[in-house]
Amino acid sequence: MTGKPPPPIKTPCIKVCVIDGTSGLCLGCYRTLNEVAGWARLSAETRDNLMAELPGRRSQIAPEKLAMF
C-alpha cells in the first residue's frame with residue numbers, strides 16, 4: 001500500500017439537492033435520484049458520459065423552478 005487516498009470521484013453536485021417532481025431531475029445537477037444514489041458505483045467512463053449529457057437535461061425543468069436557485 002502506498003498510503004495515498006484514491007482520487008476523488010468527479011461529480012456534478014453543487015449541493016442543491018432538490019428533486020423536481022415533474023421531471024424527476026435534481027434542480028442542482030440534473031441527475032435522477034437513481035443516478036445520484038448510484039454515482040459512486042458507476043465507472044469513470046459512465047460518469048463522464050452522464051456528465052456530458054446533463055446540461056441538455058436542464059430544458060426538462062420548468063424555468064420558474066430553476067429561478068429559485
Side-chain angles (χ1 to χ4, degrees):
M1 269 191 159
T2 63
K4 291 198 276 187
I9 294 174
K10 287 194 270 183
T11 177
C13 182
I14 61 166
K15 308 290 190 256
V16 174
C17 303
V18 179
I19 301 297
D20 172 45
T22 305
S23 69
L25 299 176
C26 174
L27 297 179
C29 67
Y30 315 126
R31 292 180 291 173
T32 65
L33 192 54
N34 285 337
E35 289 168 344
V36 172
W39 195 253
R41 293 186 301 275
L42 299 175
S43 69
E45 180 181 2
T46 300
R47 284 192 300 268
D48 287 343
N49 289 340
L50 276 170
M51 286 179 64
E53 180 184 312
L54 295 176
R57 294 182 181 184
R58 181 184 170 111
S59 64
Q60 296 177 38
I61 302 171
E64 59 273 11
K65 292 179 181 178
L66 294 171
M68 295 188 297
F69 303 100

Within the side chain of R31, is there an N or O that forms a donor-acceptor pair under 3.5 Å with the backbone of V36?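 Judged by distance alone, no pair lies under 3.5 Å.
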[X] side, atom [atom1]; [Y] side, atom [atom2] - distance, nearest 0.5 Å:
X   : Y   : atom1 : atom2 : result
E53 : D48 : CD    : CG    : 12.5 Å
W39 : I9  : CH2   : CD1   : 9.5 Å
E35 : T46 : CD    : OG1   : 10.5 Å
Q60 : T22 : CD    : OG1   : 11.5 Å
S43 : N49 : OG    : CG    : 7.5 Å

Examine L33 and Y30 and state if one hydrophobic cluster contains both, with Ile, Leu, Val, Met, Phe, Trp and Tyr joined whenever side-chain heavy atoms are less than 4.5 Å apart.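 No; tracing contacts between hydrophobic side chains, which count when under 4.5 Å, never links both residues.
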Taking side-chain hydrogen bond (donor to acceptor under 3.5 Å, both in side chains) as the test, write out the residues that go with D20, two or more places apart.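 D20: side-chain hydrogen bond (donor to acceptor under 3.5 Å, both in side chains) contacts with S23, K65.
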Closest approach of [X] to [Y] (non-hydrogen atoms, all atoms of both residues):
X   : Y   : value
L50 : R57 : CD2-NH2, 3.5 Å
P12 : L54 : CG-CD1, 3.5 Å
P55 : A52 : CD-O, 3.6 Å
C26 : C17 : SG-CA, 4.0 Å

Does E64 CD have over 12 foreign heavy atoms under 6.0 Å away?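 Enclosed.
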Below 4.5 Å, heavy atoms only, C-beta onward: do I19 and L25 meet side chain to side chain?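 In short, these two side chains do not touch, never coming nearer than 4.5 Å.
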